[in-house]
Amino acid sequence: MSDHFFVVTGGPGAGKTSLITELARRGFHTIPESGRAIISEELQRGGDALPWADRLAYAERMLEQDLRAYSATQALSGAVIFDRGIPDILGYLTLCGLPVPPHVAAAAKSARYNRRAFLVPFWDKIFTQDSERKKTRAEAEATCAVIRETYTALGYQITELPRADITTRADFICAQRVN
């Protein structure tokens, strides 16, 4: 387990990436969400490893990228904040009704983050969609619920962030002694 690795997770459109950006501005090491990067790459090259096309290929690409980031950041000192973690891939596959391949489950069990996972809850007031985030409000809420269940089943302690502005959320995380 990497006690200095913290995950910020939740459903789409809840403000995770904006929060990660603020934490980076405050000097934390941060790792961007792999899913968004993969969607962008796939759209640019005309690929189909997308959440609305080949979902299993999309999950495999996320796992590959997340494992690389996890490994590459082992030597960093101080807190490292991840925009989603490997358990999110299990949640994604579950949400899609796809079987979780054994190697994905094994990766989620072996590449551990700090026991405390920060959950950004669905918040209708700030929920938005864009060309890469196509989920509906109902899907975003369901995603948040599945992610909570997935992390809990893996033994993580969920700390739900307040439905508040980015500064307040970042202050909340900092007050949790993640430094």
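Note that the structure is predicted; figures quoted are calculated from it, not measured.
A donor-acceptor pair under 3.5 Å is formed between the side chain of H29 and the backbone N or O of S77. Side chain of T21 to backbone of T17: a donor-acceptor contact under 3.5 angstrom is found.
Pairs passing the ring pair (Phe, Tyr, Trp, His ring centres under 6.0 Å) check and including a residue from residues 139-170, sequence neighbours excluded, read Y151-Y156. Listed by first and then second residue, the salt bridge (Lys or Arg N to Asp or Glu O under 4.0 Å) pairs that reach into residues 11-22 are E22-R25, E22-R26, sequence neighbours excluded. Annotation: salt bridge (Lys or Arg N to Asp or Glu O under 4.0 Å) contacts involving residues 68-97, sequence neighbours excluded, comprise E33-R84, E64-R68, R84-D88. Contacts classified as salt bridge (Lys or Arg N to Asp or Glu O under 4.0 Å) and involving residues 141-152 (residues at least two apart or in different chains) are given here: R148-E160.
For E42, the salt bridge (charged side-chain N to carboxylate O under 4.0 Å, His left out) partners at least two apart in sequence or on another chain are R45, R61. In this structure Y58 satisfies the ring-ring contact (aromatic ring centres under 6.0 Å, His included) test together with Y92, sequence neighbours excluded.
Ring geometry, F172 versus F118: the interplanar angle exceeds 60°, so the pair is classed perpendicular (tilted spans 30 to 60°). Between Y70 and F82, the ring planes lie tilted relative to each other; the angle falls in the 30° to 60° range.
We find the OG-CG distance between S18 and D165 to be 11.5 Å, quoted to the nearest 0.5 Å. How far CD1 of I86 is from CD of Q65: 11.5 Å, rounded to the nearest 0.5 Å. Rounding to the nearest 0.5 angstrom, the gap separating the CG atom in L90 from the CG atom in L98 is 12.0 Å. The CG atom of L63 lies 4.5 Å from the CG atom of L67; values are rounded to the nearest 0.5 Å. Taking CG of L23 as the start and SG of C174 as the end, the distance is 6.0 Å to the nearest 0.5 Å.
Between T159 and Q157 the shortest side-chain heavy-atom distance falls below 4.5 Å. Here the side chains of T94 and V100 are in contact, with some heavy-atom distance below 4.5 Å. Contact annotation: the side chain of I147 never approaches that of P87 to less than 4.5 Å [non-hydrogen atoms, C-beta and beyond]. Annotation: side chain of L161 is in contact with side chain of I173 (closest heavy-atom distance under 4.5 Å). With contacts defined as side-chain heavy-atom distances shorter than 4.5 Å, the pair P32/I20 does not qualify. Using a 4.5 Å heavy-atom threshold, the side chains of I81 and V8 count as touching.
Side-chain polar atoms of T168 and D171 form no donor-acceptor pair below 3.5 angstrom. Q74 and H4 share no donor-acceptor pair across their side chains, judged by distance under 3.5 Å alone.
The nearest pair of heavy atoms linking L119 to G10 is CD1-CA, 3.7 Å.
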